[in-house]
Amino acid sequence: LASGVAHEINNPLMGMINYADIIQDKVEDVDLKEYAASIMDEGNRIGKIVQKLLSFSRQDQQSYSHASIADIINDSHSLTAAVLRKHEITFIQDMPEDLPPIKCRRQQIQQVILNLLTNATFALNLKYDGYHDDKIIKVIVKPITKDNIHWFRTTVEDHGIGIGEDM
């Protein structure tokens, strides 16, 4: 489904970007040139989101590969950023910049992060109607060592309604 939607969006999107480029080349008006450039910038931003959606839809269940946890989190945030903005949720990342790659099934890790972001959004919206200072989702990645093995602990934290004791 994600792949089909991405391909359906890509074709008209490329047409839109190309027409904006033609307009920018043909007009003399500085304001119109800026509008055309803005259309191209926003179209390219949509294109990046579509590429991330396509990448996410190509799940390889069989093999592990090296991936950057920072890239996985950034891609997950990109896919949910519009929803977070709409619900006035602040997104905060707390992770070292020099994290080494991890060996994992990238799409599975991204699916977990996306699910946690979606659940946090739901919990925050149940607790807060509209904007609130505590309407925050924070993703924290910390390297840890356990039994002389190096790991990452990734935490997705929110101040929503919480999980009931029975869960």
Side-chain angles (χ1 to χ4, degrees), residues 1-6 8-10 12-13 16-17 20 34-59 65-146 150-167:
L1 176 66
S3 178
V5 169
E8 287 297 318
I9 291 171
N10 244 357
L13 180 62
M16 181 185 80
I17 292 170
E34 284 183 27
Y35 293 145
S38 293
I39 291 169
M40 289 188 300
D41 289 344
E42 291 302 308
N44 287 322
R45 186 172 68 87
I46 293 168
K48 288 177 186 171
I49 293 169
V50 168
Q51 288 305 316
K52 289 175 184 171
L53 187 59
L54 273 172
S55 173
F56 178 69
S57 72
R58 295 184 188 123
Q59 294 193 22
S65 61
H66 286 90
S68 161
I69 189 68
D71 288 347
I72 293 170
I73 291 168
N74 289 331
D75 289 350
S76 299
H77 177 241
S78 291
L79 290 171
T80 59
V83 171
L84 298 179
R85 272 193 308 275
K86 176 185 172 195
H87 293 286
E88 301 177 279
I89 296 172
T90 302
F91 181 82
I92 299 172
Q93 289 179 204
D94 179 9
M95 67 180 112
E97 290 186 23
D98 58 346
L99 292 171
I102 57 173
K103 190 172 183 180
C104 66
R105 292 182 175 152
R106 186 187 198 288
Q107 289 83 4
Q108 288 182 344
I109 302 299
Q110 187 171 7
Q111 182 65 56
V112 169
I113 299 296
L114 286 170
N115 287 343
L116 291 170
L117 293 176
T118 300
N119 291 348
T121 299
F122 180 75
L124 287 166
N125 284 332
L126 282 177
K127 186 170 182 179
Y128 304 111
D129 185 27
Y131 176 80
H132 192 279
D133 284 343
D134 285 335
K135 210 168 176 186
I136 298 168
I137 297 174
K138 186 173 184 178
V139 178
I140 306 158
V141 179
K142 299 271 186 219
I144 62 170
T145 302
K146 184 176 179 180
H150 301 290
W151 302 87
F152 295 126
R153 173 174 288 139
T154 303
T155 306
V156 177
E157 175 184 293
D158 67 78
H159 299 277
I161 60 170
I163 299 172
E165 267 188 52
D166 58 326
M167 298 297 283

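Everything quoted here is computed from the prediction, not taken from an experiment.
Among residues at least two apart or in separate chains, there is no ring-ring contact (aromatic ring centres under 6.0 Å, His included) pair with a member in residues 36-55. The side-chain hydrogen bond (donor to acceptor under 3.5 Å, both in side chains) pairs that include a residue from residues 155-167 number zero, where partners must be two or more places apart or lie in different chains. The list of salt bridge (charged side-chain N to carboxylate O under 4.0 Å, His left out) pairs with a residue in residues 106-133, not counting sequence neighbours, reads Asp75-Arg106. Applying the ring-ring contact (aromatic ring centres under 6.0 Å, His included) test to every pair with at least one member in residues 92-113, sequence neighbours left out, gives no pairs at all.
Every side chain to side chain contact (heavy atoms under 4.5 Å, CB included) that Leu116 has, sequence neighbours left out, goes to Val112, Val156. Listed by chain and residue number, nothing satisfies the salt bridge (Lys or Arg N to Asp or Glu O under 4.0 Å) test with Arg85 (two or more places apart in sequence, or in another chain). Remark: Ser78 engages Lys52 in a side chain to side chain donor-acceptor pair (under 3.5 Å) (not counting sequence neighbours). In this structure, His132 has no side chain to side chain donor-acceptor pair (under 3.5 Å) partners at least two apart in sequence or on a different chain. Qualifying side chain to side chain donor-acceptor pair (under 3.5 Å) partners for Asp71, counting only residues two or more places apart in sequence or in other chains: none. Not a single side chain to side chain donor-acceptor pair (under 3.5 Å) links His66 to another residue, sequence neighbours left out.
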For residues 88-98, which side-chain N or O atoms pair as donor and acceptor with protein atoms under 3.5 Å away, sequence neighbours left out?
unit_1 : atom_1 : unit_2 : atom_2 : d
Glu88  : OE1    : Tyr131 : N      : 3.2
Gln93  : NE2    : Asn74  : OD1    : 3.1

What side-chain donor-acceptor pairs closer than 3.5 Å can you find for residues 34-43, not counting sequence neighbours?
unit_1 : atom_1 : unit_2 : atom_2 : d
Ser38  : OG     : Glu34  : O      : 3.1
Glu42  : OE1    : Arg45  : NE     : 3.1
Glu42  : OE1    : Arg45  : NH2    : 3.0

Inset, instruction - Go through the steps for Leu79 and Leu117 under the test side chain to side chain contact (heavy atoms under 4.5 Å, CB included), then give the verdict. - result: CA-CA 10 Å; Leu79 290 171; Leu117 293 176; over 6 Å; no
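Rounding to the nearest 0.5 Å gives a distance of 6.5 Å between CZ of Phe152 and CD1 of Ile102. Rounding to the nearest 0.5 angstrom, the gap separating the NZ atom in Lys48 from the CD1 atom in Ile46 is 12.0 Å. Note that the CG atom of Asn119 and the CG atom of Asn115 stand 6.5 Å from one another [nearest 0.5 Å]. To the nearest 0.5 Å, atoms OG1 (Thr154) and CD1 (Ile113) are separated by 5.5 Å. The line from CD of Gln51 to CG of Asn44 is 11.0 Å long, rounded to the nearest 0.5 Å. Note that NE2 of His87 is 11.0 Å distant from CZ of Phe122, once rounded to the nearest 0.5 Å.
Proximity of Cys104 to Ile72: side-chain heavy atoms (C-beta onward) are separated by under 4.5 Å at one or more points. Looking only at side-chain heavy atoms (C-beta outward), Thr118 and Val83 stay at 4.5 Å or farther from each other. No side-chain heavy atom of Thr80 sits less than 4.5 Å from a side-chain heavy atom of Ile137. Using a 4.5 Å cut-off on side-chain heavy atoms (C-beta onward), His77 and Val139 make no contact.
Here the shortest heavy-atom pairing between Leu124 and Gly160 reads CD2-N, 3.6 Å.
Residue Ile163 qualifies as open at atom CD1: its count of foreign heavy atoms under 6.0 Å is 12 or below.
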